[in-house]
Amino acid sequence: MDRFQYLALMAMCLAVTLPLELVLGARVYRRPGRMLRAVVPAVVVFAAWDAIAIARGQWWFVERYLTGWDVPFRIPVEEIVFFVVVPLCGLLTYEVVGRGLDRARRRA
């Protein structure tokens, strides 16, 4: 089970923020084009950064917690998932906070 911990943590992050979409109406998943424009640049920049750091021996991963599935440049698939999930969770939070602030302004 250790080798799936990283992916399990990413799944939990998505599960914890899912109510932001379903209950609080973040509308992130309902606008996939906008979501991709927000997430893809982060994935590209941080994957490149990781690839450089891995190649230089400045960054590494504990194999025990990885599935062993790599994408090009020896980047673990879990790391790419991290680069998708974290900005997505941040975007969900940002949208809900923005909607809450808009409602508060309209009431004031």
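Here the structure is a predicted model, which is why all the values come from computation and not from measurement. Scope of the values below: all heavy atoms of this structure, side chains included, with no hydrogens, waters or symmetry mates.
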At their closest point, which heavy atom of Ala47 faces which heavy atom of Ile75, and how far apart are they? O-CD1, 3.3 Å
So Val40 and Val43, do their side chains get closer than 4.5 Å, heavy atoms only? no
Apply salt bridge (charged side-chain N to carboxylate O under 4.0 Å, His left out) to residues Arg3 and Glu63 and explain how you reach the verdict. CA-CA 8 Å; Arg3 66 185 223 147; Glu63 297 294 325; over 6 Å; no
Decide whether Val16 and Val39 are clustered together by the hydrophobic rule: side chain heavy atoms of Ile, Leu, Val, Met, Phe, Trp, Tyr closer than 4.5 Å, transitively. no
Kindly compute the distance separating CH2 (Trp49) from CD1 (Ile54), expressed to the nearest 0.5 Å. 13.0 Å
Nearest 0.5 Å, what's the CZ-CZ distance between Arg105 and Arg103? 12.5 Å
Using the rule that two of Ile, Leu, Val, Met, Phe, Trp, Tyr join whenever any of their side-chain heavy atoms come within less than 4.5 Å, decide whether Val23 and Leu18 are in one cluster. yes
Smallest separation among heavy atoms of Trp69 and Glu78, with atom names: O-OE1, 4.2 Å
When rounded to the nearest 0.5 Å, the distance separating CZ of Arg27 from CG of Leu20 is 13.5 Å
Can you confirm whether Asp70 sits close enough to Val77 that some side-chain heavy atom of one is under 4.5 Å from a side-chain heavy atom of the other? no
Ignoring hydrogens and angles, write down the donor-acceptor pairs under 3.5 Å from the side chains of residues 80-101, residues two or more places apart or on other chains.
residue, atom, partner, partner atom, Å
Thr93, OG1, Cys89, O, 2.9
Glu95, OE1, Arg31, NH2, 3.4
Glu95, OE2, Arg34, NH2, 3.4
Arg99, NE, Gly25, O, 2.9

Got a donor-acceptor contact below 3.5 angstrom from the Arg30 side chain to the Glu21 backbone? yes
State plainly whether one hydrophobic cluster holds both Met10 and Tyr29, where clusters connect Ile, Leu, Val, Met, Phe, Trp and Tyr through side-chain heavy atoms under 4.5 angstrom apart. yes
Residues, nucleotides or ligands: over 12 heavy atoms within 6.0 Å of Phe73 CZ: no
Give a yes or no on whether Ile52 and Phe46 share a hydrophobic cluster (residues Ile, Leu, Val, Met, Phe, Trp, Tyr; joining criterion: side-chain heavy atoms under 4.5 Å apart). no
Indicate whether any N or O donor in one side chain lies under 3.5 Å from an N or O acceptor in the other, for Glu79 and Tyr6. yes
Would you say Leu22 ends up clustered with Val28 if hydrophobic residues are merged whenever their side chains have heavy atoms under 4.5 Å apart, either directly or through other cluster members? yes
Would you call the rings of Phe61 and Trp59 parallel, tilted or perpendicular if under 30° counts as parallel and over 60° as perpendicular? perpendicular
